[in-house]
Amino acid sequence: MQQYKMIIGGEQVAAVSGNWQPVINPATEEAIAEVPQADYADIDKAVAAAHSAFATWSKMAPVERSLLLLKLADALEAKATELADLESLNAGKPIKLVANGDIPFGIDNIRYFGGQARVIDAVAAGEFVGGYTSTLRREPIGVVGSIAPWNYPFMMAAWKIAPAVAAGNTVVIKPAPPTPLTTLILAQVALEVGFPPGVINVVTGGGPAVGEPLVTHPNVGMVSFTGSTPTGKRIMELAARKVTRVHLELGGKAPLIVFADANLEAAARGAVVGAYVNTGQDCTAATRLLVERSCYDEFMALFKGFSEQVRLGSPQAQTTDMGPLISAEQRDRVHGFVERAKAAGITLNLGGELPTGTGYFYSPTIFSNAPTQSEIMQEEVFGPVVVVNPIESEAEAIAVANDVRFGLASSVWTKDVARAWRVAGALQFGTVWVNDHLPLSSELPHGGFKESGFGKDLSRYAFEEYTIAKHVMFDLSGEAKKPWHFTAFGDPDE
Ligand code: NAD
């Protein structure tokens with residue numbers, strides 16, 4: 001079986017303990033590779049390598065960091081097919097999704113931050129207090145400990161590594177235990193195009209056992225985490241012990257609001273794509289469809305009809321729309337939500353059965369008329385499970401949409417421009433789409449309100465997250481006794 005080693009200080013290394021763990025193909029349940037099972041000793045080595053690389057990397061001219069990121073993007077593009085095949089095998093993602101989505105978008109993010117590296121946004125020098133000139137410096141933070149989820153492994157690695165290193169930080173990234181392979185390749189390719197050893201380090205292995213020592217390590221200056229809200233809360237608690245900066249991209253429970261004047265076919269197609277993309281394992285997935293009563297039946301017929309056409313199958317087949325869930329554990333979790341919703345008497349319109357056979361597959365599942373406070377309307381399922389509820393008015397749609405603890409993404413479907421603006425303004429979510437659901441762009445920020453976390457990915461706002469603003473203030477007078485000194489020492493001059 002192929003062994004993939006960790007990348008620490010520019011070397012491919014096994015774990016200090018010598019332990020390995022298998023990497024499973026979720027469509028066949030077979031092991032496809034092995035990766036080292038890191039523990040504190042490996043984290044310590046990786047952080048030391050990143051800490052030592054920071055001294056020179058942070059002092060490099062922005063253009064040098066920029067050129068390396070652009071070279072990395074080109075080199076990854078040359079390997080795009082290999083990366084897509086491996087990602088599909090490891091994460092069970094349909095090949096058409098990874099080849100046309102995850103991999104090119106991840107590469108685009110790296111290229112974007114190659115440009116952003118040279119655009120350090122700071123207030124121009126100026127005299128804000130008489131007799132002084134102020135300047136603002138934006139400085140890198142140091143070693144960033146990055147922790148990623150399994151749903152978009154390559155893309156999440158790109159989102160975490162690119163803005164951090166563009167701003168002059170060094171990184172120790174921990175991919176999610178089930179999906180480490182493409183992150184290891186990304187870091188290896190970075191070395192090949194000339195990134196200095198220690199700038200990008202990858203440690204692999206179990207969740208808390210590897211993640212917690214990374215969060216609490218004394219030489220980690222910032223933790224950038226994407227994952228579930230409970231883990232995000234735990235990381236914030238750990239980080240509080242030494243006031244380590246945190247950047248948290250957490251769970252979601254996106255509403256998709258359909259008004260009767262919308263193009264209903266577009267809304268139903270958008271809802272199918274929004275709900276089942278990546279087998280529903282998407283933090284922006286449309287999971288609460290709120291549909292105006294007068295078009296509810298028509299919309300439901302379209303949505304259910306399209307949902308029945310979603311093709312499950314081998315992730316490697318070009319005709320597969322939906323692959324398996326990531327693991328047996330995740331499928332049990334998803335099915336648990338479904339069973340509890342059924343037991344609560346919520347109407348099941350489609351799916352909801354645990355499939356038999358090999359692979360962690362789960363079919364599109366639709367519930368309807370669920371109470372707003374029910375578990376299936378409030379909690380993140382992270383599977384292809386949707387609720388479709390009727391709403392009576394714009395005010396009710398907004399109230400129900402906002403009545404969750406998450407606030408990552410949402411969409412509104414209408415032809416009424418004034419209503420679209422009104423609703424977009426009222427929704428408490430980091431992204432609001434009008435007449436679509438899912439697209440993102442490297443130039444615009446992605447991030448949450450409320451328990452979906454804080455700190456932005458993508459765009460110059462992400463770049464800023466990985467810097468510290470420093471005010472440098474110059475005295476212009478050269479005087480020993482300043483007019484304001486009397487407030488703390490002596491008397492005012494006559
Ligand atoms: P998770 O929280 O279980 O794990 C995420 C990462 O944290 C993994 O690498 C895991 O090993 C690690 N981890 C687990 N416990 C830890 C601990 N105590 N200390 C440090 N690290 C720890 O999430 P997941 O199941 O891998 O991913 C799914 C979640 O990610 C969903 O909630 C989804 O909404 C969220 N997500 C959010 C975004 C976003 O941009 N907001 C994007 C993708 C995924």
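Nothing here was measured: the structure is a model prediction, and the numbers come from that model. Start at 1 and go down the list; that is how both ligands and their atoms are numbered.
Of the options Ser228, Gly211, Ala148, Ala409, the smallest heavy-atom separation from atom 6 (C) of ligand 1 is shown by Ala148.
The nearest protein atom to atom 25 (O) of ligand 1, hydrogens excluded, is given as Trp150 NE1, 3.1 Å; this is a heavy-atom distance. Scanning all protein heavy atoms for the shortest distance to atom 40 (O) of ligand 1 gives His446 NE2, 2.9 Å. Protein heavy atom closest to atom 43 (C) of ligand 1, with residue, atom name and distance, is Asn151 ND2, 3.3 Å.
With a heavy-atom cut-off of 4.0 Å, Gln330 does not touch ligand 1 at all. Of the heavy atoms in Val210, none comes closer than 4.0 Å to ligand 1. By the criterion of a heavy-atom distance under 4.0 Å, neither the backbone nor the side chain of Tyr152 is placed next to ligand 1.
Using a 4.0 Å cut-off between charged nitrogen and carboxylate oxygen, Glu464 and Lys456 do not count as a salt-bridge pair. The residues Arg245 and Glu465 are annotated as not salt-bridged, no charged nitrogen and carboxylate oxygen being separated by less than 4.0 angstrom.
In this model, a donor atom of one side chain and an acceptor atom of the other lie less than 3.5 Å apart for Ser441 and Glu443.
Distance check for atom 4 (O) of ligand 1: every protein heavy atom is found at 4.0 Å or beyond.
Applying the side-chain contact (heavy atoms from CB on, under 4.5 Å) test between Val258 and each of Val291, Val412, Ile391, Val388 identifies Val291 as the sole match.
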